Novice: 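After the structure tokens below, expect a handful of questions from me.
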Amino acid sequence: MHLLLVDGSGYIFRAFHALPPLNRKSDGLPVGCVQGFCNMLWKLMEDLKGEDEPTHMAVIFDAKGKTFRDDFYAEYKAHRPPAPPELVPQFPLTRAATRAYNIESIEMEGWEADDIIATYACQARAAGGKVTIVSSDKDLMQLVEPDGSIRLLDTIPRPGQPPLRWIGVEEVLNKFGVTPDKVIDVQALCGDSVDNVPGVPGIGVKTAAELINTYGNLETLLERAGEIKQNARREKLIANAELARISKRLVTLEQKVPVELELSALARQPVEPGKLFPFLKAMEFVTISKRLGGLLNADPEAWEADPALAAAPASPVGFNNEARAEARAARQEAEGRAGSPVVLHAAAMHEATKAIPWTPENYEIIRDAAHLQRWIDMAYREGLVATDAESTGLDNQTADLVGISFATQPGNGAYLPLGHTQGEGDIFGGGKAEGQMDTRQALDMLRPLFADRSILKIFHNAKYDLGLLARYDVAVNSYDDTLLLSYSLDGPQFNTMSELADHWLGVPGQSIKDLIGTGKGQKTFAQVDIPAAARYAAEDSDMTLRLWRILKPRLAAEGMTTLYETIERPLAPVLARMEGRGISVDRQILARLSGDFSQRAAALEAEAYELAGSNFNLGSPKQLGEILFDRMGLEGGTKTKTGAWSTGADVLEDLAAKGVPLARTIVDWRQLTKLMGTYTNALPEYMNARTGRVHTTYSQHSVLTGRLSSNDPNLQNIPVRTEDGRKIRTAFVAAPGKILISADYSQIELRVLAHIADIQALKDAFEEGLDIHAMTASEMFGVPVEGMPSDVRRRAKAINFGIIYGISAFGLANQLGIERSVAGDYIKTYFERFPGIKDYMDEQRRRVKIDGYVMTLFGRKINFPNANSSHAAERSFVERASINAPIQGTAADIIRRAMIRMEPELQKAGIEADMLLQVHDELIFEVPQGTENDAMPVIKRVMEGAAEPAVRLNVPIQVDAHAAHNWDEAH
DNA sequence: GCAAGGACGTA
DNA sequence: GTACGTCCTTGCA
């Protein structure tokens, strides 16, 4: 018999430190050690052929938890740091690898791998067999037998040494200066700092071997310690005799572990392709699979990946597609499986990262090129750097760069100040503060780093930094964004660094207000003194890096990799460029409108005072309510939730219809003042002095359903419904020599609904290009489309929208001004005419209660933590929102995909067109005049095909595009 | 100076 | 009935 025992745990740790990191391609799971382990096992079996070929074999691992040694010496291995988080998911995988090779994998709680190895080695030797222990652990040297029946084999590759190194008595003598039977006595004296075996302080291997060789063994030495001549050595031995005895117990391997498997059960089994290839495929080890396939004369492609270990399916999930429903089931199972490797990894990264202490005193201030170069070098060594640009404001189109911070490992950090000023209270802002690098020199050094695709830059809100850095001609390739990671995983739940730090790291986030103040006395970051700024900025990068370590692995664990990598991350630079371009606004048109509106508003104001019989603040709903309902005593007033009179437009319209002229006056006045306050007066304030254009800021991470939002100014709510409102659109103009194109999706949400809920009648109508609201009316009310009264169509339109919004009889009645019972009948009829709708709605209601979220066709999750609220109104709200969210969200995903593809497609087609704005289902472009007819078909094609190939919609998507010199005419 | 509420602009 | 952002008033610190 020849028994081969492999020290699996020892191998994993050595592989971890020796091999470069490797991640599974489809989900980023670390698998470097697993791959190394697989290679090692195979190579071992190849190398040990002929007379060294083992007849029995097992791989032994350390089990987690305490061992009997901890019972009598609590400090044993106490200083050992927790396993690196990348290693944690690989522990179970190496066990699985062993089984895949059809080799016994053995571990026992309470025992170290070495004890189990010792036990089997002794058993085999007693049975007259030969034993080879594959390990480079010196603790196992005590087992070596002079007769060669037990040997160690070191297979860890070392430069300049043969690949296989046999360790027999001679090698043990070289290492410990004694024969194997005395190794434990030597170790008892010299101890082991790694395992925290104390030994006798001040005695090393050399002295220990000399003493043991002189006195024969440890007990004799300790008994006769008084005879030793050297004073210090004698006293140490006498004082620490007990420590030496404990140390000996610690290093002595137990040879009588109650092992479960008999020796005979370790007899070698042939490799079975049916066990091997499903594992290798799950790990995505293509090269190993091919090589072993050739050697075993088997086709690796004949086996599917082991579903228990494979990457979670990232494919999007739909409602009406059976294959996708299956994928969803598989993914949810994967998500719920606590022991799944990616889930394990994510949890380990979270734990490990949280445990890293905060050491702000270590943050550095970079004041010269040499120091900056050291940080650039560190980024190259790590392959990544978290970074954050500090600037003078929140708008990256006007703010100036003040400094840049970096972190390459959790706990380190540096700040490169560039634009700090000196001297406060001086209206000229003082000069440049001392001790800062020249901005141009620093950026020249940093440009290659930011552009280097092999170095990952980690931002929090990359869009801001990308847009700011672009103004300094710094291009960024290869980046991650913790804000978008968080949004992909958790939606808009955590929006700020502060909230993320609080939730994931358990530390309070920083407040910029503490540095720059607030209100009138607010400073800019440039005025903050450099040490304080450095502490803040470096910590920001440190936090970003820590958050990244926690959030990135969650993508794979929770099946959100595709969403993040194909939609969220690539969209950020597209938005940054749109923000940077801005749109041209005609100041004169706005000024003329302001004049017109304010004159008319003033007239209405006077009229209102006349009608009310007194002057009051027309802008105060409180005062208006009191005048209408208390003083004038009008009937039919309703109260808001705070008990104030309700004076909304619908209430005033009702009153006007009942012959209250004041109500009409107020409605008109409100419209005009709204247009002035929000648009004609406000927009010119947003014109950028540098570009002469208006630059909105998009928020990619604020909307529950996946839509964008626009702010400062909001260019997604420019008026369109009223004639006066539309005049404002005429002020959004093309630059000289250019023309605007507006391209909008026609009925995108109803089409998405028709697809998701699989409504044949709706799909047919879209296929035939019918007027969808007229078709609905005709189905519901039995009125022919030809010559249909406009009111009938209007009612059907309201119902169609109602369906998208998660219809209720109450809401529909309100909208149409009809009885609730009539609205209920409408809904009933609708469900009868389009039966799939009800199924869809019920399915979403059911899912949100089970899962706490619903999903778009592209796999975006929309969370509803209150789905099972005890508050009935809240529950109903969640039900409606969960019906709407997959529809609105899928439409949002589609236009996001269109935007990501638009620029490369335009370029490919040789078309010069700048994408300027997005308004949920509409994209605005600026193109050279005369090229619009070339641009529009490309734009249409990209938008209409944006769902594919990820999702094949079974309704046609239609985009209408128009070109004109201003937005009103183009729309 | 700030937060909340009401009102209203968009898809 | 869904999803947003902004302006203005009000009330409190």
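Values reported hereafter were calculated over all heavy atoms of this structure, with side chains retained and with hydrogens, waters and symmetry mates removed. Keep in mind the model is a prediction, meaning the values are calculated, not measured. Note on naming: letters A, B, ... go to the chains in the order of the sequence lines (proteins, then strands), and numbering restarts at 1 for each one.
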Novice: Report yes if at least one side-chain N or O of A/R721 is closer than 4.0 Å to OP1 or OP2 of B/dA11; otherwise report no.
Specialist: yes
Novice: In whole angstrom, what separates A/N711's CG from B/dT10's P?
Specialist: 18 Å
Novice: For a quick test of reading the model: is some side-chain N or O of A/S620 closer than 4.0 Å to OP1 or OP2 of C/dT10?
Specialist: yes
Novice: Looking for any heavy atom pair under 4.0 Å, which part of the strands does A/I804 touch: base, sugar-phosphate only, or nothing?
Specialist: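 Result for A/I804 = nothing.
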Novice: Would you say a side-chain N or O of A/S709 is under 4.0 Å from OP1 or OP2 of C/dG5?
Specialist: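 Answer is yes, contact under 4.0 Å.
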Novice: So, are A/R896 and A/D893 salt-bridged, with charged N and O less than 4.0 Å apart?
Specialist: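 Here A/R896 does not pair with A/D893 in a salt bridge, since their nearest N and O are not under 4.0 Å apart.
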Novice: Examine B/dA7: is either OP1 or OP2 under 4.0 Å from a nitrogen or oxygen in the side chain of A/T647? Give yes or no.
Specialist: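 For B/dA7, OP1/OP2 do have a side-chain N/O of A/T647 under 4.0 Å.
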Novice: Between C/dG1, C/dT2, B/dA11, which nucleotide gets closest to the side-chain atoms of A/F877?
Specialist: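 The answer is C/dT2, which lies nearest to the side chain.
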Novice: Distance only, no hydrogens: is a donor on one side chain within 3.5 Å (strictly under) of an acceptor on the other, for A/R845 and A/S876?
Specialist: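 Their side chains do not contain a donor-acceptor pair, so the 3.5 Å distance test is not met.
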Novice: Using modelled atom types only, decide if a donor and an acceptor are shared between the side chain of A/R751 and the backbone of A/S746 within a distance under 3.5 Å.
Specialist: yes
Novice: For A/S710 and A/T696, which I'm curious about, is there any donor-acceptor pair between the side chains at under 3.5 Å?
Specialist: yes
Novice: Given B/dG1, B/dA11, C/dT6, which nucleotide is nearest the side-chain atoms of A/K520?
Specialist: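 That would be B/dG1.
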Novice: Select base, sugar-phosphate, or nothing to describe what A/Y679 touches, counting heavy atoms under 4.0 Å on all strands.
Specialist: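 Answer is sugar-phosphate: A/Y679 comes under 4.0 Å of backbone atoms only.
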Novice: For a quick check of understanding: with a heavy-atom distance under 4.0 Å over all strands, which category does A/G802 fall into, base, sugar-phosphate or nothing?
Specialist: base
Novice: Could you check whether A/A798 gets within reach of a base, just the sugar-phosphate, or nothing at all, counting any heavy atom under 4.0 Å?
Specialist: base
Novice: State, yes or no, whether a side-chain contact exists between A/H695 and A/R581 at a heavy-atom distance under 4.5 Å.
Specialist: no
Novice: Quick check for you: among B/dG6, C/dG1, C/dT6, whose closest atom lies nearest to any side-chain atom of A/S808?
Specialist: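 So the side chain of A/S808 is nearest to C/dG1.
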Novice: Would you say a side-chain N or O of A/N617 is under 4.0 Å from OP1 or OP2 of C/dT9?
Specialist: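 Answer is yes, contact under 4.0 Å.
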Novice: Does a distance-only test, which skips hydrogens and angles, find a donor-acceptor pair under 3.5 Å between the side chain of A/N717 and the base of B/dG9?
Specialist: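 Under the 3.5 Å cut-off, the side chain and the base do form a donor-acceptor pair.
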Novice: Of the nucleotides B/dT10, C/dT6, B/dA7, which one has an atom closest to the side chain of A/V720?
Specialist: B/dT10
Novice: Is A/K622 near enough to C/dG11 that one of its side-chain N or O atoms lies under 4.0 angstrom from OP1 or OP2?
Specialist: yes
Novice: What contact category does A/E922 fall into here, base, sugar-phosphate, or nothing, at under 4.0 angstrom with non-hydrogen atoms?
Specialist: nothing
Novice: Pick out the pairs of N or O atoms, protein on one side and nucleotides 2-4 of chain B on the other, that lie under 3.5 Å.
Specialist:
from, atom 1, to, atom 2, distance (Å)
B/dC2, OP1, A/T518, OG1, 2.6

Novice: For A/T665, which of A/L611, A/V660, A/L652 qualifies under side-chain contact (heavy atoms from CB on, under 4.5 Å)?
Specialist: A/L611
Novice: Flag the pair A/F766 / A/Q747 as yes when at least one side-chain heavy-atom distance between them is below 4.5 Å, and no otherwise.
Specialist: yes
Novice: Out of C/dC4, C/dT6, B/dT10, which nucleotide sits closest to the side chain of A/T678?
Specialist: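 Between C/dC4, C/dT6, B/dT10, the one nearest the side chain of A/T678 would be C/dT6.
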Novice: Determine, for A/D842 against A/K838, whether the closest basic-nitrogen to carboxylate-oxygen distance falls under 4.0 angstrom.
Specialist: yes
Novice: Within the 4.0 Å heavy-atom criterion, would you say A/S646 contacts the bases, only the backbone, or no part of the nucleic acid?
Specialist: sugar-phosphate
Novice: Taking for each residue the nucleotide of DNA chain C with the nearest heavy atom, is it A/P492 or A/Q623 whose nucleotide lies nearer the 5' end?
Specialist: A/P492
Novice: Between P on C/dT6 and CZ on A/R670, what's the gap in Å once rounded to a whole number?
Specialist: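 Interatomic distance, CZ of A/R670 to P of C/dT6: 21 Å.
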Novice: Consider the side chain of A/Q888, meaning its heavy atoms from C-beta on, and name the nucleotide among C/dA3, B/dA7, C/dG5 that approaches it most closely.
Specialist: C/dA3
Novice: Check whether any side-chain nitrogen or oxygen of A/R880 sits under 4.0 Å from OP1 or OP2 of C/dT2, and answer yes or no.
Specialist: yes
Novice: Select one nucleotide: of C/dA3, B/dG5, B/dG9, the one nearest the side-chain heavy atoms of A/T642.
Specialist: B/dG5
Novice: Nearest whole angstrom, please: distance from the P of C/dT2 to the CG of A/L812.
Specialist: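 Whole-Å distance recorded here is 13 Å.
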Novice: Would you mind reading off the distance between A/E653 atom CD and B/dA7 atom P, rounded to a whole angstrom?
Specialist: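 Checked: the CD to P distance equals 14 Å.
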Novice: With a 4.0 Å cut-off on heavy atoms, is A/A885 in touch with a base, just the backbone sugar-phosphate, or nothing at all?
Specialist: nothing
Novice: Considering every strand and a 4.0 Å limit on heavy-atom distances, what is the contact class for A/L708: base, sugar-phosphate, or nothing?
Specialist: nothing
Novice: Which of the following nucleotides, C/dG1, B/dC8, B/dA11, is nearest to the side chain of A/R729?
Specialist: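 For A/R729, the side-chain atoms sit closest to B/dA11.
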Novice: Looking at B/dT10, does its base get a donor-acceptor pair with the side chain of A/Q716 below 3.5 Å?
Specialist: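 Checked by distance alone, the answer is no.
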Novice: Counting side-chain heavy atoms from CB outward, which of C/dA3, B/dG6, B/dT10 is closest to A/A881?
Specialist: C/dA3
Novice: Between A/K463 and A/E568, does any NZ, NE, NH1 or NH2 come within less than 4.0 Å of an OD or OE carboxylate oxygen?
Specialist: no
